[in-house]
**Q** 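Below: one structure in structure tokens.
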Amino acid sequence: MRPLTAHLLTLVAYLAAAQFAQALAPLPGEVAPVWPAAGVGLAALFLLGRRALPTVLAADLGASLLAGVPPTLALALAVSNALALGLGAALARRTLDGRIPFDNTRRMGHFLAIGPLLASLLAGLLGVLTLEQAGSLAMDPAHAVWSWFLADFTGMTVLAPLAVAWRGRLSGLPPMLRRAEGLGLLLCTALATLTVFGLGHEILLRNYPLIFAFIPTMAWATFRADSRTLTLLLTLLFPVCALATHAGLGPFGHLPQPLSLHIMQVFYAVNATTTLVIHALTRERRNSLEALAQSRAALAQAHDELEQRVAERTATLDSALRELRETGEAYSALFENAAEGIYRADASGRFVRVNPALARMLGYASPDDLMAHITDIWRQVFTCDDSRRRLYETLATKGRATDFEMPVRTRSGGDIWVGMSVRPVQDDQGRVLGMDGIVQDITQRKLSQEELERRATRDPLTGAANRHTFERALRRMLAQAGRGGAGLALLFVDLDDFKGINDTHGHLAGDHVLRTVAARIQARLRETDLLARLGGDEFALLLHNVTEAQAADAVARDILRALGEPVEFEGLRLTVGASVGGCLTTGSGPDADMDALLHRADQAMYHAKQQGKNRSHIDAA
């Protein structure tokens, strides 16, 4: 694209985005609660560099004049905004240095923090300071900085990743949008958007968290879509959310202006940044797994080739003696210089030979140091009884173990995870003389797998089970109750006055209260019970083998007493109560239906709320 064309497109796009934002202002002439024009400016400065600074300055000046701002003040605001955007774009360009952030979690985090976050914060501070010096600031400075920052940050989060993903690749559709899966993703996103933001907020709909309709499509896009498709989807989603919220639709539309648009932007910014970071993490892990698979395949191929060569060179005594010398030299070099740990142990469990890589892996200075300290690998290295038993069984049934994963003990007393290929060493009569093994440290891979499993099943804020895990556990416990006749109690816990804590003391205080509430509830449950966070300030409990309403009510009252204690936060004593409702089931008859059981517990909880705060109600029918 020619430079002149690029600058003209920047000017037109900036003014169009500014007019769009002004159209969402509560009253003509007031400050717009959203400002996607900042994203246009940051994207232009990121793609075109410093030469786009005059264009962005002129565009911002024109937008302010069209909004009715006095010329002197409009120029001052344009200069402060252009400087903030220019600094953020320059630092973001230097941070990436031509690299793509979508394949690396750290680069993506640095890009979002140094680009949109820094630029929007600086723009808010400079803009509010300019308005205050001019005597045109009509609200509290701290609130003004927050509103300005939120409007700019959301706009930059919309367009900055799009500019990076589509840089130099404007022609042609992304690979995913050329397939049926891409069209399906767009259709599902459109349906989710219609569900969440295309409906009004009648009393019935307010009782349901419709915002969760975005979770499946966002997860689909995060883990399956390419970077261009993902950023395009996020960009198209923003104006729909903004226009619907301004029109009084969606989960935020019932709030007064401009609060509804501010809350919508917080939702969008959190959703977009989380999606981009997890997308980068997924791409990074996928690349790591592909590299690991290639390395293991090469190692297995080398091992098979080595065995084949040894078998062929032992056909006759003369050729075996001659070629054994050559193979021994090659094996010695491979043994000493291999990145994987290699060892041979005798039948008593003592190392006969180890290479330097295995000594380093287990925390020893040298192979001699390792063999001097380890006299029984079964008791000092392979210390996990279950893994040791499975290794015995595998060797006994298959004759060898390939890619066998197990924990091993290091010199420091800690454990690491290894992937190991083991084969017995036998004499001509088939007696086992020992074993050979190749060991690879897979601790980081195991930790990554465990972290992904934790994120898939746990609520990231409180550590309680998430909704998906709760529903799966409820189905399993209902089936168990139906087979064995054991009782099951389902309790809903809904916090009272929690919104007041968020509004008065901020979301950090609210998050601290939620974590404390979850910890206090968990401390009063048995190991067989389950605590889940369903969303917001609503929790659910599954109490196994509870058949009487008095027992369930005793647990509910114990929880209410625990939650009645004040929560300490930064010198404050925050008080929050709760309403608890629940029901019992034996897992048979009408009670075996999960939806019916959830409805009963929900009705019991609302019955408790109608009685007043800090009340419980158990439906024993």
Side-chain angles (χ1 to χ4, degrees), residues 12-42 59-60 62-64 66-69 81 116 120 123-124 127 138-139 143-160 162 189-206 208-214 217-218 232-273 275 499 502-503:
V12 172
Y14 195 104
L15 293 176
Q19 290 300 108
F20 169 82
Q22 290 295 336
L24 300 182
L27 293 173
E30 290 191 3
V31 176
V34 298
W35 194 250
V40 176
L42 184 68
D60 194 273
S64 297
L66 290 176
V69 179
N81 284 338
S120 56
M139 64 176 68
H143 182 265
V145 170
W146 161 248
S147 301
W148 197 306
F149 159 80
L150 182 61
D152 280 11
F153 177 75
T154 307
M156 297 178 197
T157 306
V158 173
L159 293 175
L162 181 74
T189 304
L191 291 175
T193 306
L194 177 63
T195 301
V196 177
F197 286 96
L199 300 173
H201 274 264
E202 292 78 12
I203 297 301
L204 178 63
L205 295 179
R206 293 183 184 177
Y208 299 95
L210 296 181
I211 204 72
F212 285 108
F214 278 114
T217 55
M218 286 297 100
L232 179 62
L233 194 65
L234 292 173
T235 303
L236 294 176
L237 182 62
F238 176 75
V240 176
C241 297
L243 290 173
T245 302
H246 182 261
L249 301 177
F252 316 114
H254 66 284
L255 299 173
Q257 296 284 0
L259 177 61
S260 61
L261 287 171
H262 287 168
I263 300 299
M264 182 279 297
Q265 289 180 96
V266 172
F267 157 74
Y268 178 87
V270 170
N271 182 57
T273 54
T275 297
K499 184 178 182 300
N502 267 339
D503 293 343

**Q** Distance check, rounded to the nearest 0.5 Å: Thr275 atom OG1 versus Leu237 atom CG?
**A** 9.5 Å
**Q** Quick check: closest heavy atoms across Gly127 and Trp148, and the distance to 0.1 Å?
**A**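 Smallest heavy-atom distance, with atoms named: CA-CH2, 3.6 Å.
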**Q** Shortest non-hydrogen contact from Leu15 to Ala59?
**A** CD2-O, 3.5 Å
**Q** Between Trp35 and Ala18, which heavy-atom pair has the shortest distance, and what is it?
**A** CH2-CB, 3.5 Å
**Q** What distance separates Leu233 CG from Thr193 OG1, expressed to the nearest 0.5 Å?
**A** 8.0 Å
**Q** Which heavy atom of Leu42 sits nearest to which heavy atom of Ala160, and what is that distance?
**A**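 Result for this residue pair: CD2-CB, 3.9 Å.
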**Q** Quick check: closest heavy atoms across Gly39 and Leu159, and the distance to 0.1 Å?
**A**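 So the minimum-distance heavy-atom pair works out to C-CD1, 3.5 Å.
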**Q** For the atom pair OG1 (Thr157) and CG (Leu162), what is the distance rounded to the nearest 0.5 Å?
**A**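 CG of Leu162 is found 12.5 Å from OG1 of Thr157.
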**Q** Are the side chains of Leu234 and Met218 in contact, using a 4.5 Å heavy-atom criterion?
**A**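 Yes, at least one pair of side-chain atoms sits under 4.5 Å.
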**Q** Is there a side-chain contact between Met264 and Phe238 (heavy atoms, below 4.5 Å)?
**A** yes
**Q** Using 30° and 60° as the class boundaries, would you call the ring planes of Phe149 and Phe153 parallel, tilted or perpendicular?
**A**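 Geometry flag for Phe153 against Phe149: parallel rings.
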**Q** To the nearest 0.5 Å, what is the distance between NE2 (His262) and CG (Leu150)?
**A** 6.0 Å
**Q** If we ignore hydrogens and angles and just use 3.5 Å, is the side chain of Gln19 paired with the main-chain N or O of Tyr14 as donor and acceptor?
**A** no
**Q** Does any N or O in the side chain of Thr154 come within less than 3.5 Å of the main-chain N or O of Ala151, such that one atom is a donor and the other an acceptor?
**A** no
**Q** To the closest 0.5 Å, what do you measure between OG (Ser147) and CG (Asp152)?
**A**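 Reported value, rounded in 0.5 Å steps: 11.0 Å.
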**Q** Report the residues that fulfil side-chain hydrogen bond (donor to acceptor under 3.5 Å, both in side chains) with Ser260, sequence neighbours left out, ordered by chain and then residue number.
**A** Gln257
**Q** So, for Val40 and Ala13, which heavy atoms are closest and what is the spacing to 0.1 Å?
**A**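 The answer is CG1-CB, 3.9 Å.
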**Q** Quick one, Val158 and Tyr268 - any side-chain contact, counting heavy atoms below 4.5 Å?
**A**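 In contact.
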